[in-house]
Amino acid sequence: MEIIRTEDLTYTYPISSKPAFRDVSITIDKGEFVLLTGPSGCGKTTLCRCFNGLIPHFYSGKLEGEIMVAGLRVPDHPIHELAQHVGLVFQNPENQLFALSVEKDVAFGLENLGLPRDEIRERVDWALKVTGIYDLKDRAPYELSGGQQQRVAIASILAMRPEVIVLDEPTSFLDPLGAQKIFEVIDRLNKRLGITIILVEHRLDLASKYADRVIIMNEGRVVLNGRPRDVFISDEAQLVGVGIPKATMLYKLLRENGIELGRVPITAEEASQMIREALTHDRG
Amino acid sequence: MNMFDGFRFRRVSSPIHDMDPRVKFLYVLVIFAAAVLFDQLLPLLVLFVAQMPLILVAGVKRECMRSMRGSSLFAVIIFATNMLSLYLYSGGGYGSIPSIIERSLAMTFRFMVLVESFSIFFLTTSPDHLGLALEQSGVPFDLCFAFTTAIRFVPVMAEEAQTIIDAQKARGLELERGNFIRRVKNYVPVLIPLLVNSIRRSLELAEAMESRAWGASPKRTNLYVLKMKRSDYYMIITSLIILVLAAYIRLYISIPSIYELLSA
Ligand SMILES: Nc1ncnc2c1ncn2[C@@H]1O[C@H](COP(=O)(O)OP(=O)(O)OP(=O)(O)O)[C@@H](O)[C@H]1O
Ligand SMILES: [Mg+2]
């Protein structure tokens, strides 16, 4: 069942003459884990802003085409209504935490919705536990590492129980280990809770294995859209210049040299497994 | 950076910290009124000493000492100007030097009592509690939110300013050079990036707020509520007794000066 659909979506920022992205037509199904990537400035962030109505309600400018999210036409519904269906996690964790304690921050959205206090309490505790930061609930934001802050940001979105969570480069301020932890949390939300995930990411080596689908944008257009293996193996992906996983690159190199591994690997583990198999096969 | 440490409120628990901020504020007002009622040294000294147990119970002795030390320059100025003006007008009945000193000391202690009670209030009230108190006193939520968010970002901005200063110094900026005007000008390359960053930050904050359903419901809930406890009522009663007592003493009891007591 589809949860997001855009048709020939084109958007131009107010003072800009050129569209930030154009003719984007994509469909995202409920429960999917979609990885959105592409070179800097290709319009990924701008597209994400459309999913919860920041565009066109917060940023004015010109939005053409159709966009439906959770059965709602985005231009017809205010952000606070859309925000209950689509949660947006931003790049800089520091600038999305307002309160003086973790717990209060996670409660912020629910307080805005005017939910009863007992329910807020229940949902906050739940979100803190799912993201593994329950022990931090009384800390102040400046007492947390970047990775912990980002998990607070995810928890505060999760507490609003959206169907879709969009994360715009959530790990770009983090080290690889911190990034890995964030990906694991996101994967848990997707696999255990069935939340649809749209993850904007440059670290394809780490993130690819979780995705059901990869969408690559370039210069404001969607250029590739499909299963991770199919997308990464295509020559076009290499031309666009996204960081194709090293395992897939290795596969391509081997294939050019006449060695066929059978399946396209995405992670280092997969690749080493396949190479080991191929070697024993050779000897046998 | 030290200057901003005060904004890093540490979550500690003590009978004073746990007190309702509104009650604490009432207490500060009462002390304020009492300090203004009296102009003799003895009662002001009593007020000053009587608050010390609160500081000890709250465990903020060190922080309190620091704010007292911070205001000591002011205290000296107050003492000196009082001495000077009383001496010049000594025709009025404050003739002898000891009584001029005593009166100047009284004015200084009046100031110190105010510093002391404000310190107790701010050192033991978390900004969160303060915001909540404002909210429950009927201040519009937008304002309360602006207040707590501003406090939340003080340490962040301080850190950012330090980073910018370091980066500009690495590029050859010399902050501590030249006369006063020159020094102020030196800060321009620090202030501009700081300003630009703040604007960007506020935009990002606004986006994040919108994404969390800001303004969804006209009747916003708050996770916390301030509820008066038994001890809070005791504190209210104590504050009122202090007020009544102070007024009574002021009106009906003649207060001896310490100098008289000593010389008698
Ligand atoms: N608030 C804005 N106002 C005007 N133009 C903008 C705004 N934000 C982005 N743009 C422009 O829109 C285009 C797409 O930017 P966008 O931020 O969506 O790219 P991105 O894919 O997210 O890049 P990155 O990987 O660097 O985050 C860029 O040309 C950018 O200059
Ligand atoms: Mg971006």
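All chains are named by letter (A, B, ...) in the order of the sequence lines, taking the proteins before the strands, and each is independently numbered beginning at 1.
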No-hydrogen, no-angle side-chain donor-acceptor test under 3.5 Å, Lys44(A) and Thr37(A): no

Top contributor to chain A interface from Ser217(B), Ser202(B), Ala206(B) [non-hydrogen pairs under 4.5 Å]: Ser217(B)

Flag, side chain of Gln96(A) to backbone of Val89(A), donor-acceptor distance under 3.5 Å: no

Chain B contact via Asn52(A) - side chain, backbone, both or neither, heavy atoms under 4.5 Å: side chain

Carboxylate-amine/guanidinium proximity below 4.0 Å for Arg139(A) and Glu103(A): no

Parallel, tilted or perpendicular: ring planes of Phe109(B) versus Phe48(B), cut at 30 and 60 degrees: perpendicular

Test log, rule side chain to side chain contact (heavy atoms under 4.5 Å, CB included), inputs Val164(A) and Ile3(A): CA-CA 8 Å; Val164(A) 185; Ile3(A) 186 126; 3.7 Å; yes

Proximity breakdown for Ala153(A) and chain B, heavy-atom pairs closer than 4.5 Å: neither

Greatest number of heavy atom pairs closer than 4.5 Å to chain B - which of Leu88(A), Asn112(A), Asp118(A), Val124(A): Asn112(A)

Max heavy-atom pair count under 4.5 Å with chain B, selected residue of Gln91(A), Arg117(A), Lys104(A): Arg117(A)

Heavy-atom pairs under 4.5 Å with chain A, option from Gly215(B), Ala213(B), Ala208(B) with the top count: Ala213(B)

Ring geometry between Tyr11(A) and Tyr13(A) (parallel below 30°, tilted from 30 to 60°, perpendicular above 60°): perpendicular

Lys/Arg-Asp/Glu bridge criterion (N-O < 4.0 Å) met for Arg220(B), Asp142(B): no

Interface residues of residues 55-62 of chain A facing chain B - non-hydrogen atoms under 4.5 Å apart: Phe58(A), Tyr59(A)

Centroid-centroid under 6.0 Å between Phe145(B) and Trp214(B) rings: yes

Donor-acceptor contact present, side-chain Asn186(B) to main-chain Glu174(B), <3.5 Å: yes

Check: Val24(A) main-chain N/O paired with Thr6(A) side-chain donor or acceptor under 3.5 Å: yes

Residue, of Arg200(B), Glu210(B), Glu207(B), that accumulates the most heavy atom pairs under 4.5 Å with chain A: Glu207(B)

Inter-chain contacts: residues 231-243 of chain B against chain A, heavy atoms under 4.5 Å: none

Region of Leu82(A) that comes under 4.5 Å of a non-hydrogen atom in chain B: neither

Salt bridge present between Arg201(B) and Glu204(B) (N-O < 4.0 angstrom): no

Contacting moiety of Glu81(A), where chain B heavy atoms sit under 4.5 Å: neither

For chain B, the option from Asn95(A), Val86(A), Asn92(A) that forms the most heavy-atom pairs under 4.5 Å: Asn95(A)

Contact class of Leu113(A) relative to chain B, heavy atoms under 4.5 angstrom: both

NZ or CZ of Lys137(A) within 45° of Tyr134(A) ring axis and under 6.0 Å: yes

Ser71(B) side chain vs Phe74(B) backbone, donor-acceptor pair below 3.5 Å: no

Lys/Arg N to Asp/Glu carboxylate O, Asp125(A) vs Arg121(A), below 4.0 Å: yes

Flag, side chain of Gln150(A) to backbone of Phe90(A), donor-acceptor distance under 3.5 Å: yes

Phe108(A), part contacting chain B, at a heavy-atom distance under 4.5 Å: both

